[in-house]
Amino acid sequence: MRTLALIPARYASSRFPGKPLVDIAGKPMIQRVYERAIAVYDACYVATDDSRIESAVRVFGGNVVMTAEEHQSGTDRCREALDAVEALTNQKFDVVINIQGDEPFIDKDQLRQLSMLFTDARTQIATLVKPFSENEDIFNPNSPKVVMTTDNYALYFTRSVIPYLRSIKERQEWQKSHIFFKHLGIYAYRAQVLREITGLKQSTLELAESLEQLRWLENGYRIKVAITDQQNYAIDTPEDLDKVIRLYREGQLK
């Protein structure tokens with residue numbers, strides 16, 4: 001099974017312009033993500049629409065492909081990048097790993113865990129979830145939740161709290177009574193499935209929740225889920241960057 005890791009990276013960002021190139025202890029963030037991925041996978045490329053990111057990746061010796069500016073999601077950018085890399089290398093890939101470009105300390109075991117799901121021929125799409133910790137807010141709409149079947153296929157993703165604990169009146173007691181799962185924004189797809197889902201029109205549920213994975217579920221695709229206990233540290237704002245740098249300097253991130 002040939003696996004291709006892709007790291008979509010845009011320079012433009014409403015909350016944090018130029019985020020992939022911010023310095024983290026002497027390295028641009030995109031380099032730290034790339035180094036994690038290349039340690040696990042034989043083939044890894046950054047997929048970007050910006051010449052500044054392209055230049056930065058080439059400076060540290062990474063692989064990079066240029067993609068169009070108008071993509072609405074990282075999944076769409078990965079589809080174009082997959083075609084470009086296969087044409088460039090004259091190789092075909094079976095599985096594509098879509099790695100977030102704003103998680104410079106993503107755990108390498110999580111990357112291995114995700115790709116291992118494709119040893120099962122039934123896996124079309126895969127992703128990771130983790131239990132909410134006690135100090136995390138399950139009511140935060142920016143932390144999508146997921147419920148799963150007994151064999152770990154996603155039933156539904158939502159920004160609301162799911163399931164609703166009808167028998168427990170005090171909401172602050174909910175996390176003591178049930179394990180809620182937070183979706184981590186990393187995906188993997190069979191190459192052919194990636195090509196199929198990027199040709200689908202946006203769906204009703206996707207538009208309602210602003211979660212692209214609902215388009216796939218609505219169209220009958222199955223998403224296999226692996227559970228991890230590792231905490232991820234995504235950088236969405238300058239404040240997030242300050243926190244990650246502090247944790248790194250304190251030795252809490254490796």
Side-chain angles (χ1 to χ4, degrees), residues 3-22 28-34 36-38 40-41 43-50 52-54 56-57 62-86 93 95-104 106 110-111 114-115 124-129 142-144 146 154 157 159 182-191 193-203 206-207 209-217 221 223 232-237 240:
T3 301
L4 171 64
L6 293 173
I7 308 169
R10 296 174 60 248
Y11 191 90
S13 170
S14 57
R15 288 187 290 180
F16 200 167
K19 182 170 62 171
L21 301 183
V22 296
M29 179 161 63
I30 194 66
Q31 180 177 352
R32 291 194 174 274
V33 180
Y34 185 92
R36 296 287 172 123
I38 200 63
V40 176
Y41 305 112
C44 178
Y45 282 76
V46 174
T48 187
D49 59 2
D50 191 275
R52 289 164 289 190
I53 296 174
E54 179 192 29
V57 174
N63 298 316
V64 59
V65 291
M66 293 295 289
T67 53
E69 294 182 6
E70 62 268 17
H71 291 304
Q72 297 298 308
S73 70
T75 302
D76 293 328
R77 195 172 302 281
C78 282
R79 159 63 194 275
E80 183 185 355
L82 168 62
D83 292 341
V85 172
E86 286 192 336
F93 294 92
V95 172
V96 175
I97 312 292
N98 177 356
I99 301 171
Q100 298 295 313
D102 59 5
E103 293 189 10
I106 187 168
Q110 289 182 333
L111 299 179
L114 188 63
S115 59
Q124 297 176 301
I125 305 169
T127 194
L128 295 178
V129 301
N142 294 318
S143 294
V146 61
F157 297 84
R159 296 184 183 278
K182 176 171 67 173
H183 180 226
L184 305 182
I186 181 171
Y187 296 107
Y189 337 78
R190 299 240 179 235
V193 170
L194 173 59
R195 292 185 167 102
E196 293 170 3
I197 62 177
T198 49
L200 299 172
K201 294 181 179 179
Q202 285 190 300
S203 67
E206 176 190 8
L207 291 170
E209 297 247 24
S210 190
L211 296 172
E212 65 173 332
Q213 61 269 40
L214 294 178
R215 184 193 324 178
W216 314 334
L217 290 180
Y221 290 90
I223 304 175
N232 285 13
Y233 294 90
I235 296 174
D236 293 320
T237 65
D240 293 335

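Everything quoted here is computed from the prediction, not taken from an experiment.
Inter-residue side-chain proximity for Leu194 and Phe93 is flagged as unmet; no heavy-atom pair is nearer than 4.5 Å. With a 4.5 Å cut-off on side-chain heavy atoms, Ser115 and Tyr41 count as touching. Proximity of Gln110 to Leu184: side-chain heavy atoms (C-beta onward) are separated by under 4.5 Å at one or more points. Considering only heavy atoms from C-beta on, Asn63 comes within 4.5 Å of Tyr34 through its side chain. In this structure, Ile106 and Ile186 have side chains that are in contact, with non-hydrogen atoms separated by less than 4.5 Å. Side-chain contact between Gln213 and Ile223 is present, with at least one heavy-atom pair separated by less than 4.5 Å. Between Arg190 and Val95, some side-chain heavy-atom pair lies under the 4.5 Å cut-off. Taking 4.5 Å as the limit, some side-chain heavy atom of Ile99 sits within range of a side-chain heavy atom of Val33.
Enclosure of atom CD in Glu69 is not indicated, since only 12 or fewer non-hydrogen atoms of other residues, nucleotides or ligands lie within 6.0 angstrom.
Note: Leu4 CG to Ile97 CD1 = 9.0 Å, rounded to the nearest 0.5 Å. Atom-to-atom distance recorded for Tyr45:OH and Ile38:CD1 is 9.0 Å, nearest 0.5 angstrom. With values rounded to the nearest 0.5 angstrom, Met29 atom CE is found 8.5 Å from Leu21 atom CG. Rounding to the nearest 0.5 Å gives a distance of 9.5 Å between CG of Asn232 and CD of Gln100. Expressed to the nearest 0.5 Å, how far CE of Met66 lies from CD1 of Ile53 amounts to 8.5 Å. The distance from the CD atom of Gln124 to the CH2 atom of Trp216 is 11.5 Å, given to the nearest 0.5 Å.
The aromatic rings of Tyr189 and Tyr187 sit parallel to each other, their planes meeting at less than 30°, with 60° as the upper class boundary.
Here the closest heavy-atom approach between residue Ala191 and residue Leu82 is recorded as CB-CD2, 4.0 Å. What you find for Glu209 and Phe157 is that their closest heavy atoms are OE2-O, 4.0 Å. Among all heavy-atom pairs drawn from Ala154 and Leu217, the shortest one is O-CD2, 4.0 Å. Annotation for Asp49 and Ala68: closest pair CB-O, 3.7 Å, computed over non-hydrogen atoms. Looking at every heavy atom in both residues, Ala81 comes nearest to Ala47 through CB-CB, 3.7 Å.
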side-chain hydrogen bond (donor to acceptor under 3.5 Å, both in side chains) evaluation trace for Ser73 with Glu212 | CA-CA 8 Å; Ser73 70; Glu212 65 173 332; 3.3 Å; yes

* **Pair Ile7-Ile30, side chain to side chain contact (heavy atoms under 4.5 Å, CB included): steps then yes or no** => CA-CA 8 Å; Ile7 308 169; Ile30 194 66; 3.7 Å; yes

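Between Arg79 and the options Asp76, Asp83, Thr75, a side-chain hydrogen bond (donor to acceptor under 3.5 Å, both in side chains) holds for only Asp83. Under the side-chain contact (heavy atoms from CB on, under 4.5 Å) rule, Phe16 has a single partner from Asp240, Val22, Asp236, which is Val22. Shown are Glu80, Arg77, Arg10; of these, the side-chain hydrogen bond (donor to acceptor under 3.5 Å, both in side chains) with His71 is made only by Glu80.
Within the 3.5 Å criterion, the main-chain N or O of Tyr11 finds no donor-acceptor partner in the side chain of Arg52. No donor-acceptor distance shorter than 3.5 angstrom exists from the side chain of Gln202 to the backbone of Arg215, with no hydrogens or angles considered. A donor-acceptor pair under 3.5 Å links the side-chain atoms of Arg159 to the main chain of Ser210, judged by distance alone. Between the side chain of Thr48 and the backbone N or O of Ala9 there is at least one donor-acceptor pair closer than 3.5 Å. Of the possible polar contacts, none joining the Glu86 side chain to the Ala84 backbone as a donor-acceptor pair under 3.5 Å is found.
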